[in-house]
Protein chains: 2
Amino acid sequence: MDPKINEINGYLVSIFNDVLMIEERTLQTSQFKDVSIKEMHTIDAIGMYQEHTTSEVAKKLGITVGTLTVSVNNLVRKGYVNRVRSEKDRRVVKLALTKKGRLLYRLHDKFHRDMVRETLTEMSEEEAEVLMKGLLNLHSFLERTKEQLPE
Amino acid sequence: MDPKINEINGYLVSIFNDVLMIEERTLQTSQFKDVSIKEMHTIDAIGMYQEHTTSEVAKKLGITVGTLTVSVNNLVRKGYVNRVRSEKDRRVVKLALTKKGRLLYRLHDKFHRDMVRETLTEMSEEEAEVLMKGLLNLHSFLERTKEQLPE
DNA sequence: GTCAAATAGTTTGATAATCAAACGATATCG
DNA sequence: CGATATCGTTTGATTATCAAACTATTTGAC
């Protein structure tokens, strides 16, 4: 059993590092050189489809609201994000992507989808099911672990 | 096909974020509060078993040698890493873990192994095989992508 | 209705992570 | 020997991050 654990663990670590590195390089050699990988993930968390408040996005990213405010300042300056004060509650700020932000969002999303699509080539339906089940297991374990975490 | 792609993609993103967050929190509530997650990965890249040069470790981590030098300065100060000038070639620096560094390495390794072990519970041998194959596919795709990357 | 407390977000000061480029020390090769 | 290459360090600038102080607004208790 142990060799299998090591092998899977090795793949996960390697996949993790590769994805980050490829995303970073892809960005730096695209028309979006002025966006870091962290900023890319912020854009991803803001999302295309609904407006999200600063607090919601910060929680999703697992960073403090202060950190997000600073990052959003830069993304607004660079033209990727719009800030809109809520009319209902003037304390609340809603974040939304600009046209340029949405273009970048789709590009990044495509990278992810291509990555997965490529992985599934040469796998049968059933094998894909099992892969999904494995990932689901891992995901459940991590969610449980997160809950048990101190504070 | 597309819903499956979205689902798998979602799991992967979520898994990556969770692993990082859990590692970070686990460190901060352990006896190793003075080590950041980035430093943890540097310790991991230095490894237990052989001596590695600064250039080798930087390449493995995908960061510049300058960045690693700064990080190693801190890890030496905190007592996790030793720097040894090579006798053969006085330009070369070999990095190695101290006793405290090796203890932390094993703790981190255990977290990863437990994570994978937990994922494999309730999976049959064959299912584990298929999961591994899926991860191997993904890994191969990423390695190929990395090679095709500009510069 | 007013005022205290809670909430949402911003600002600030400090520290870590990062890169590119300049630099210093050493090795190699013609 | 001397030019060039290599290895690592240092430096200056930028980004990422947090905690804590702060501002503006809402809510809730009386």
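In what follows, chains are A, B, ... by sequence order, proteins preceding strands, each numbered from 1. Keep in mind that this is a model prediction, so the values were computed, not measured.
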Do [X] and [Y] sit in one hydrophobic cluster, given that two such residues count as connected whenever their side-chain heavy atoms are within less than 4.5 Å of each other, even indirectly?
X        : Y        : value
Met21(B) : Val65(A) : no
Met40(B) : Val13(A) : no
Val57(A) : Met48(A) : yes

Exercise. Tyr80(B) pairs by side-chain hydrogen bond (donor to acceptor under 3.5 Å, both in side chains) with which of Asn74(B), Thr98(B), Thr42(B), Asp34(B)?
Worked result: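 So the option named by the test is Asp34(B).
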Exercise. Are OP1 or OP2 of dG8(D) and a side-chain N or O of Arg83(B) less than 4.0 angstrom apart?
Worked result: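 For dG8(D), OP1/OP2 do not have a side-chain N/O of Arg83(B) under 4.0 Å.
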For this session: Examine dA17(C): is either OP1 or OP2 under 4.0 Å from a nitrogen or oxygen in the side chain of Ser36(B)? Give yes or no.
Result: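 For Ser36(B), the contact criterion (side-chain N or O under 4.0 Å from OP1 or OP2 of dA17(C)) is met.
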Exercise. Which part of the nucleic acid does Thr69(A) contact within heavy-atom distance under 4.0 Å: base, sugar-phosphate only, or nothing?
Worked result: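 Here Thr69(A) touches the bases of the nucleic acid.
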Close N/O contacts between protein and nucleotides 17-20 of chain D (under 3.5 Å):
| residue | atom | partner | partner atom | Å |
| --- | --- | --- | --- | --- |
| dT17(D) | OP1 | Lys38(A) | NZ | 3.1 |
| dC18(D) | OP2 | Thr64(A) | N | 2.9 |
| dC18(D) | OP2 | Thr64(A) | OG1 | 3.1 |
| dC18(D) | OP2 | Thr67(A) | OG1 | 2.7 |

Exercise. Which residues, if any, of residues 84-95 of chain B bring a heavy atom under 4.0 Å of DNA chain C?
Worked result: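 Heavy-atom contacts with DNA chain C come from Lys88(B), Asp89(B), Arg90(B), Arg91(B).
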Exercise. Closest to the Ser55(A) side chain: dA16(C), dG8(D), dG9(C)?
Worked result: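 Ranking dA16(C), dG8(D), dG9(C) by closest atom to the Ser55(A) side chain puts dG9(C) first.
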For this session: Could you walk me through whether Glu118(B) and Asn137(A) pass the side chain to side chain contact (heavy atoms under 4.5 Å, CB included) test, one step at a time?
Result: CA-CA 8 Å; Glu118(B) 185 72 21; Asn137(A) 275 356; over 6 Å; no
Separation of atom [atom1] in [X] from atom [atom2] in [N], rounded to whole Å:
X        : N       : atom1 : atom2 : value
Glu39(A) : dT15(D) : CD    : P     : 7 Å
Lys33(B) : dA16(C) : NZ    : P     : 17 Å
Glu24(B) : dA17(C) : CD    : C1'   : 13 Å
Asn73(B) : dG8(D)  : CG    : P     : 13 Å
Glu56(B) : dT6(D)  : CD    : P     : 16 Å
Asn74(A) : dT10(C) : CG    : P     : 13 Å
Met21(A) : dA17(C) : CE    : P     : 17 Å
Leu68(A) : dA8(C)  : CG    : P     : 14 Å

Exercise. Relative to the ring of Tyr49(A), is the ring of Tyr105(A) parallel (under 30°), tilted (30 to 60°) or perpendicular (over 60°)?
Worked result: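 Ring orientation of Tyr105(A) relative to Tyr49(A): perpendicular.
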Exercise. What orientation do Phe111(A) and His108(A) show, parallel under 30°, tilted 30 to 60°, or perpendicular over 60°?
Worked result: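 Rings of Phe111(A) and His108(A): parallel, under 30°.
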Exercise. Any side-chain donor-acceptor pair under 3.5 Å between Arg83(A) and Asn73(A)?
Worked result: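 On atom types as modelled, these side chains qualify, holding a pair under 3.5 Å.
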Exercise. Where the side chain of Glu51(B) meets the backbone of Ile46(B), is there a donor-acceptor pair that is under 3.5 Å apart?
Worked result: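 Side chain of Glu51(B) to backbone of Ile46(B): no pair is present.
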